[in-house]
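Below is one structure, written out as structure tokens; comments come after it.
This one's a predicted model, so the numbers in the text were calculated from it and none came from an experiment. Each residue takes its place number in the sequence, starting with 1.
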Amino acid sequence: MNEGCIPTKTLLRSAEVMHLVKARAHEFGVRGVDPHAITFDLPAAVARKDAIIQGIIDGIYTALKRNTNITFITGRAELTSPVDIRVDGKRFSAGKIILAVGSQPAPTNIPGLEEAGYITNYEALSLEKLPASMIVIGAGYEGVEFAQMYARFGTKVTLLGRAPRVMPGAEPELSERLGEILRAEGVDLHTSTVAVRAGIQNGQRFVIARSGDVEQRFEAEVFLKVTGRIARLTGLGLEQAGVQVVGDFVKTDAQLRTTAANIWSIGDANGGYMFTHRATYDGPYAALNAVRGLDKAVDY
């Protein structure tokens with residue numbers, strides 16, 4: 001499961017309500033609303049998000065613990081062979097194993113950004129204070145979501161994307177229209193723009209970005225980097241289990257089997273579409289293939 005998907009959608013709903021009340025209340029026949037007097041309570045929205053997520057987690061864990069066919073163990077797991085797993089020093093064996101380890105933000109390759117300081121989607125979902133300004137580096141679906149969200153909250157947002165349009169994997173006409181909507185809502189959108197370095201000068205964070213042969217300086221209180229994700233594989237012992245990794249992701253076939261004959265992998269760890277819906281789709285296929293040997297192939 002993409003850990004940011006449901007929390008992000010929950011905060012996006014808060015942003016949608018804020019936008020409707022502030023920008024479109026009169027259109028819906030609501031009177032007596034002064035757009036200039038409306039403010040956004042970010043801690044309250046985050047608390048609502050946390051309560052919703054905790055409810056989902058509690059429901060899942062309760063169901064797991066009630067099922068007598070499931071032994072539920074928490075801890076740091078490491079594969080020591082294709083059939084052996086060590087969890088915080090305890091050893092377990094299994095004839096069939098399914099990996100559902102998820103993903104994490106890719107390391108930054110922008111000189112100076114580490115020193116300047118930045119947040120990822122995880123921190124952006126739990127800020128305690130609404131920043132006055134934010135630079136979002138990366139205009140894929142995550143960057144677009146957070147740019148629109150925080151702009152609707154009231155933050156001055158600059159969105160930098162290296163592709164000629166936002167969400168370059170989407171239909172061109174829809175992508176272009178979405179860029180127009182973002183700009184209309186106040187997002188300072190710059191496409192075909194690559195962040196080349198960052199830093200702090202006189203207490204102010206800045207990013208230098210290049211568009212063609214022209215460099216431009218952008219300043220903001222908060223930098224949000226959403227420029228790709230990699231599988232969460234550190235310390236899993238995949239090499240000891242015979243599971244091959246290609247680039248930053250687990251290598252699987254159409255049946256979600258890894259290069260170890262008895263190990264399958266689902267969701268973000270395999271790369272491609274990193275959505276909760278995809279992980280939910282993968283799960284039954286891997287389970288049926290592992291337990292019943294059906295060799296069902298995924299078709300996205």
Worked check of side chain to side chain contact (heavy atoms under 4.5 Å, CB included) between Lys225 and Leu113:
CA-CA 9 Å; Lys225 187 184 80 71; Leu113 190 60; 3.7 Å; yes

[X] versus [Y], closest heavy-atom pair with distance:
{"X": "His190", "Y": "Thr158", "value": "CD2-CG2, 4.0 Å"}
{"X": "Ala77", "Y": "Val87", "value": "CB-CG2, 4.1 Å"}
{"X": "Pro105", "Y": "Ile230", "value": "O-CG1, 4.3 Å"}
{"X": "Ala151", "Y": "Val187", "value": "CB-CG2, 3.7 Å"}
{"X": "Ala139", "Y": "Gly161", "value": "CB-CA, 3.7 Å"}
{"X": "Ala124", "Y": "Phe146", "value": "CB-CE2, 3.6 Å"}

Answer yes or no: is there a donor N or O on one side and an acceptor on the other, between the side chain of [X] and the main chain of [Y], under 3.5 Å?
{"X": "Tyr281", "Y": "Asp299", "result": "yes"}
{"X": "Thr259", "Y": "Gly242", "result": "yes"}
{"X": "Ser103", "Y": "Arg232", "result": "no"}
{"X": "Asn270", "Y": "Thr252", "result": "no"}
{"X": "Ser211", "Y": "Val214", "result": "no"}
{"X": "Ser175", "Y": "Pro168", "result": "no"}
{"X": "Glu123", "Y": "Thr120", "result": "yes"}
{"X": "Asp34", "Y": "His36", "result": "yes"}
{"X": "Asn289", "Y": "Gln255", "result": "yes"}
{"X": "Arg165", "Y": "Gly179", "result": "no"}

Could you point out which residue of Ile6, Leu125, Asp58 forms a side chain to side chain contact (heavy atoms under 4.5 Å, CB included) with Ile53?
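Of the listed residues Ile6, Leu125, Asp58, the side chain to side chain contact (heavy atoms under 4.5 Å, CB included) partner of Ile53 is Ile6.
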
Mind checking whether [X] and [Y] sit in one hydrophobic cluster, side chains of I, L, V, M, F, W, Y counted as touching below 4.5 Å?
{"X": "Val17", "Y": "Leu11", "value": "yes"}
{"X": "Ile135", "Y": "Leu224", "value": "no"}
{"X": "Ile110", "Y": "Val226", "value": "no"}
{"X": "Met274", "Y": "Val246", "value": "no"}
{"X": "Leu42", "Y": "Phe223", "value": "no"}

Would one find more than 12 heavy atoms of other residues, nucleotides or ligands at under 6.0 Å from atom [atom1] of [X]?
{"X": "Lys22", "atom1": "NZ", "answer": "no"}
{"X": "Arg257", "atom1": "CZ", "answer": "yes"}
{"X": "Tyr273", "atom1": "OH", "answer": "no"}
{"X": "Arg162", "atom1": "CZ", "answer": "no"}
{"X": "Glu128", "atom1": "CD", "answer": "no"}
{"X": "Arg217", "atom1": "CZ", "answer": "yes"}
{"X": "Glu16", "atom1": "CD", "answer": "yes"}
{"X": "Tyr61", "atom1": "OH", "answer": "no"}

What do the steps show when you test Ile73 against Phe92 for side chain to side chain contact (heavy atoms under 4.5 Å, CB included), and what is the final call?
CA-CA 11 Å; Ile73 302 162; Phe92 302 88; 3.5 Å; yes

Check whether any side-chain heavy atom of [X] lies under 4.5 Å from a side-chain heavy atom of [Y], and answer yes or no.
{"X": "Arg91", "Y": "Thr80", "value": "yes"}
{"X": "Leu12", "Y": "Lys9", "value": "yes"}
{"X": "Glu114", "Y": "Thr108", "value": "yes"}
{"X": "Leu79", "Y": "Ile97", "value": "yes"}
{"X": "Thr191", "Y": "Pro164", "value": "no"}
{"X": "Phe249", "Y": "Ser265", "value": "no"}
{"X": "Val30", "Y": "Val33", "value": "yes"}
{"X": "Ser14", "Y": "Arg48", "value": "yes"}

Just verifying a value: how many Å separate [X] [atom1] and [Y] [atom2], rounded to the nearest 0.5 Å?
{"X": "Ile263", "Y": "Thr258", "atom1": "CD1", "atom2": "OG1", "value": "5.0 Å"}
{"X": "Ile38", "Y": "Met18", "atom1": "CD1", "atom2": "CE", "value": "6.0 Å"}
{"X": "Ile137", "Y": "Leu160", "atom1": "CD1", "atom2": "CG", "value": "6.5 Å"}
{"X": "Lys90", "Y": "Ile85", "atom1": "NZ", "atom2": "CD1", "value": "14.5 Å"}
{"X": "Trp264", "Y": "Leu99", "atom1": "CH2", "atom2": "CG", "value": "11.0 Å"}
{"X": "Asp188", "Y": "Ser133", "atom1": "CG", "atom2": "OG", "value": "11.5 Å"}

Working for side chain to side chain contact (heavy atoms under 4.5 Å, CB included), residues Thr280 and Arg278:
CA-CA 5 Å; Thr280 303; Arg278 181 272 185 91; over 6 Å; no

Dump the intermediate steps for side chain to side chain contact (heavy atoms under 4.5 Å, CB included) on Asp282 and Tyr300, then the final yes or no.
CA-CA 10 Å; Asp282 282 356; Tyr300 301 125; 2.8 Å; yes

State which residue, out of Lys156, Lys129, Arg205, fulfils the salt bridge (charged side-chain N to carboxylate O under 4.0 Å, His left out) condition with Glu221.
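The salt bridge (charged side-chain N to carboxylate O under 4.0 Å, His left out) with Glu221 is passed solely by Lys129 among Lys156, Lys129, Arg205.
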
For the residue pair Asn121 and Arg229, confirm or rule out a side-chain donor-acceptor distance under 3.5 Å.
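A donor-acceptor contact under 3.5 Å links the two side chains.
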
Phe218 ring center near Phe206 ring center (under 6.0 Å):
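Ring centroids of Phe218 and Phe206 are no less than 6.0 Å from each other.
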
Could you tell me whether Arg76 and Glu78 have a side-chain N and a carboxylate O separated by less than 4.0 Å?
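No salt bridge links Arg76 with Glu78.
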
Which is it for Glu180 and Arg177 under the salt bridge (Lys or Arg N to Asp or Glu O under 4.0 Å) test, yes or no, and what are the steps along the way?
CA-CA 5 Å; Glu180 294 171 2; Arg177 179 69 184 116; 3.1 Å; yes

Measure from NZ or CZ of Lys65 to the centre of the six-membered ring of Phe72, then state whether that distance is under 6.0 Å and the direction lies within 45° of the axis.
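Not satisfied by the 6.0 Å and 45° rule.
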
Before giving the answer on salt bridge (Lys or Arg N to Asp or Glu O under 4.0 Å), spell out for Arg197 and Glu215 the whole-Å C-alpha distance, their side-chain angles and the decisive distance to 0.1 Å.
CA-CA 11 Å; Arg197 63 184 184 277; Glu215 287 192 350; 3.6 Å; yes

